[in-house]
Each structure stands twice: as C-alpha cells, then as structure tokens.
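Quick notes on the structure that follows.
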Amino acid sequence: MGGGATPARLVGLWALQLRRIAPFWPAHLEALPYDYAFLSSPVVDPAFVTEVMPAFLAEVASSKLPGIISLGQFDTDCPSHGPMIAALAVHGQRPVILEASERPVVTRAFGVKKSGSTRKKLRQDWNRLSATGSVEVVNDRTAGQVREAFESFLALEAAGWKGARGTAVLSNLDHAAFVRRLIGTLADQQNASVALLRVDGRVIAAQVLLYCGTTADTWKIAYDPAFARYSPGALLVDKATEGLFAVPGIESINSCSDGSGFMAQFWAGRRSMADLLINVTPRNSLAFALETARRRAYYRLRALRNQLRSRKWLSRPNSKPGSGMPPASNE
C-alpha cells in the first residue's frame, strides 16, 4: 500500500485469516493470523497511520471478505488504535471490548525492578545454580547459531509438559516446518535469536527472541524440568534482558505474556491490551450480533473455568514447573 507516499512505498501491512467455526456460522476475519502470533495490531508507518487505518477498513468493507474482524491481543497503546476507532465512528460503529489486560514490558530507561523479594529470589537461584557447575547465558545472533539454538529450544519444549500434552511445536509436523522456516528466515535478517542458559555446556533453558526495529519480543520459552527448582526460565529472561540492554540497538522488550506471567514480577512496565471485535460495514448485522454473543459467552465460560482452577482444592501443583513463579502465557 503506498497511498500518500512519494515515491510509492509500503506503509502498512495487516495479516488477516479467514475463519469459520461451523459450516452455517457467519465467517469472520482473525487478526492473529497463525497459532503462534501474540499481537493482532497492524504494522503501519507512524507517518501515515491516519490514512492507512481507514484505508484498511474501507478495503475490507468494499471487498467480498466478511466485515467482522476479531482483534485478539490488540495493543491499544499503539499508534493504530486511535485512527481505527475514529474510522469506525464515521459509520457509527465502535469496537466490542471482550477483555482488557496489561502486558509486561521493559525499556532501557524504565521497568527493571532492582530490588524486592523477586529480585532476591533470582539472586539466590542464580547462586544455587552456579554451585552445580559452570553457568553461562549465550545469545548469538549469527544465523547458523540461531538455527542450532532453535533446535535446542524445540527439543527442550518437546521433553517438557507441553510435549506430554501434545502442544509442543514438534507435536505437529506442519507447525514445526512452519516455525523452522520462520525463525530461519528471520535469523538471516538478524531479526531472531535464541538465548540459552547452559550448565557445563548443557542447555537447561531456551528463550526465543524476535526483533523489530529497536524492540525485542520474548516469543517462546522452554526449560529442562530436571532444573525446575532453580527457576531456569526466570533466570534466563532476567540475564537475557541485561544482555540486550548492555549493547546499543534494543530500547524495549515486549513479553508476549499477560499480567499473570512471571515476567510481570520483575518488569514494572505495562502495555494496555484488549481483545476486540469490530464491524467495518456501515450497518449492524445479524452476523455481528451472533458472533458478539458467542464471543461473550466464551469469555464468561473461560473466566469461570479460571476461577475454578484457582481454587486450591482443584489446582494441580507445579503444572508448569520451571520458572519458580507463575507461568507466562508464552511458555
């Protein structure tokens, strides 16, 4: 898309997936375009955001695509949010807010908690782990090393609780092929790496990092359950954060996690997030009303499930071991 730019150049990109939950149910567009996405906000040049967002919505409305767009994990602090709301308001529409949340983030200038019980525990765990052998954190962004480190991540994830549940990347051959291509391509562009925590050369935790401009995203993490008592996941993220900010280039890190994850305990920064449902057509429709009702029912049932799980008599101890803290959604 190059409208308004001279010479013509790409100023906006928004990946959308066409979805239909049942043969006779209205179709919709999903802005989390694949299973391992953690952000539905479009990529837009800030200089053109007021033109790009109305153009995106108008293109969908005038096409044969469904006029309903599901925006899971939309960053409401991003520059695209305001122009999107304004473009919807022109036709008397406004988004349905299904859920609001906060995502832990940290910047070079703000967000790393320097003291407190969490910081004390991290120091203690690091010292205890160091007593077992030679400990090191490596985050090599060389393309070949990234591919090799990513295989270590895949193996760790498959050997842990996700592998046992069949939700690890390697549990699905198509998913595995896709993410290997994804990480390999990004590594060639210096936009991906895998930070490793090693003890005597043995990888005990791996954090996949994706880069966009001056921001790093902690995409997925895995750890060796045999070292769970040392909180290897939390230790690796903490040390990787220090390493990223120790050299020029990275100004902020996005956790890709919700506020209940362990990163929230040692990162003080927050981004406002929301799960939204929007109708880009000028008129309300039965399809939009049905999808809104379905989504609201789903969120209510999920909240009830989480409430029941939080009760001690129903909770399973250490269902996600390894961080020593509440697990992040991207573990």
Side-chain angles (χ1 to χ4, degrees), residues 15 17 19 30 32-40 72-73 103-104 137-140 143-187 191-199 201-211 216-237 239-240 254-258 260-263 302 305-306 309 315-331:
Q17 177 185 188
R19 295 196 62 186
E30 175 64 60
L32 287 175
Y34 66 105
D35 291 343
Y36 300 107
F38 290 95
L39 194 65
S40 65
Q73 301 184 52
R103 175 174 290 183
V137 173
V138 179
N139 186 21
D140 191 332
Q145 293 299 314
V146 174
R147 286 182 170 86
E148 183 177 332
F150 188 62
E151 292 302 317
S152 295
F153 159 77
L154 292 174
L156 275 180
E157 186 188 50
W161 64 269
K162 281 195 172 183
R165 295 184 184 180
T167 59
V169 173
L170 289 179
S171 300
N172 185 305
L173 295 180
D174 290 336
H175 289 187
F178 172 76
V179 296
R180 280 181 170 128
R181 290 196 305 270
L182 171 69
I183 297 301
T185 300
L186 291 175
N191 287 326
S193 70
V194 183
L196 302 175
L197 175 61
R198 300 194 294 213
V199 178
R202 174 182 175 180
V203 177
I204 67 166
Q207 172 68 69
V208 183
L209 295 158
L210 307 181
Y211 304 93
D217 297 272
T218 58
W219 185 51
K220 291 179 75 65
I221 192 168
Y223 45 80
D224 186 338
F227 288 83
R229 62 186 179 278
Y230 301 107
S231 307
L235 289 178
L236 177 56
V237 171
K239 294 299 182 180
N254 187 322
S255 69
C256 296
S257 169
D258 61 37
S260 65
F262 71 84
M263 295 180 202
R302 191 179 68 172
R305 179 204 65 187
N306 293 340
R309 282 182 175 177
S315 64
R316 293 177 294 177
N318 300 322
S319 60
K320 296 182 182 179
S323 71
M325 304 172 192
S329 63
N330 65 335
E331 285 186 61

- prompt: Are any side-chain N or O atoms of Q207 and backbone N or O atoms of L196, one a donor and one an acceptor, separated by less than 3.5 Å?
  reply: no

message: Once salt bridge (Lys or Arg N to Asp or Glu O under 4.0 Å) is applied, do any residues pair with R147, and if so which ones, sequence neighbours excluded?
response: D188

field: R103 CZ to D217 CG distance, which is reported to the nearest 0.5 Å
entry: 8.0 Å

L210: which of N254, I183, L182 passes side chain to side chain contact (heavy atoms under 4.5 Å, CB included): I183

query: Quick one: are Y34 and Q17 in side-chain contact, heavy atoms under 4.5 Å?
result: no

Closest non-hydrogen atom pair between L170 and A176, with its separation: CD2-CB, 4.0 Å

message: Let me confirm one number: the OG-NZ distance from S171 to K162, rounded to the nearest 0.5 Å.
response: 10.0 Å

query: Residues two or more places apart in sequence or in another chain: which of them pass side-chain contact (heavy atoms from CB on, under 4.5 Å) with A15?
result: P33

message: Test of understanding: with side-chain hydrogen bond (donor to acceptor under 3.5 Å, both in side chains), list the residues that count as partners of S40, not counting sequence neighbours.
response: none

- prompt: Going by heavy atoms in the side chains, are L197 and Y223 under 4.5 Å from each other?
  reply: no

query: What heavy-atom pair brings Q145 and D140 nearest, and what distance separates the two atoms?
result: CG-OD2, 3.3 Å

- line: By salt bridge (Lys or Arg N to Asp or Glu O under 4.0 Å), E148 pairs with (sequence neighbours left out) none

field: CG on L186 to OG on S193, rounded to 0.5 Å
entry: 10.5 Å

field: Results of side-chain hydrogen bond (donor to acceptor under 3.5 Å, both in side chains) for D35 - residues two or more places apart only
entry: H175

message: Can you tell me how the ring of Y230 sits relative to the ring of F227, calling it parallel under 30°, perpendicular over 60° and tilted otherwise?
response: tilted

field: Minimum heavy-atom distance between E157 and V169, given as atom pair plus value
entry: OE1-N, 2.8 Å

query: If you take all heavy atoms of A205 and G233, which pair is closest and at what distance?
result: CB-N, 4.5 Å

Residues V179, K220; criterion side-chain contact (heavy atoms from CB on, under 4.5 Å); working and verdict: CA-CA 11 Å; V179 296; K220 291 179 75 65; over 6 Å; no

field: Nearest heavy atoms of N139 and Y211, plus distance in Å
entry: ND2-OH, 3.4 Å

- prompt: Does R302 have any side-chain hydrogen bond (donor to acceptor under 3.5 Å, both in side chains) partners at least two apart in sequence or in another chain, and if so, which?
  reply: E99

query: Are the side chain of W219 and the backbone of Y36 linked by a donor-acceptor contact shorter than 3.5 Å?
result: yes

statement: CE (M263) and CG (D258) are apart, to the nearest 0.5 Å, by 10.5 Å

field: Distance-minimising heavy-atom pair for F38 and C256
entry: CD2-O, 3.7 Å

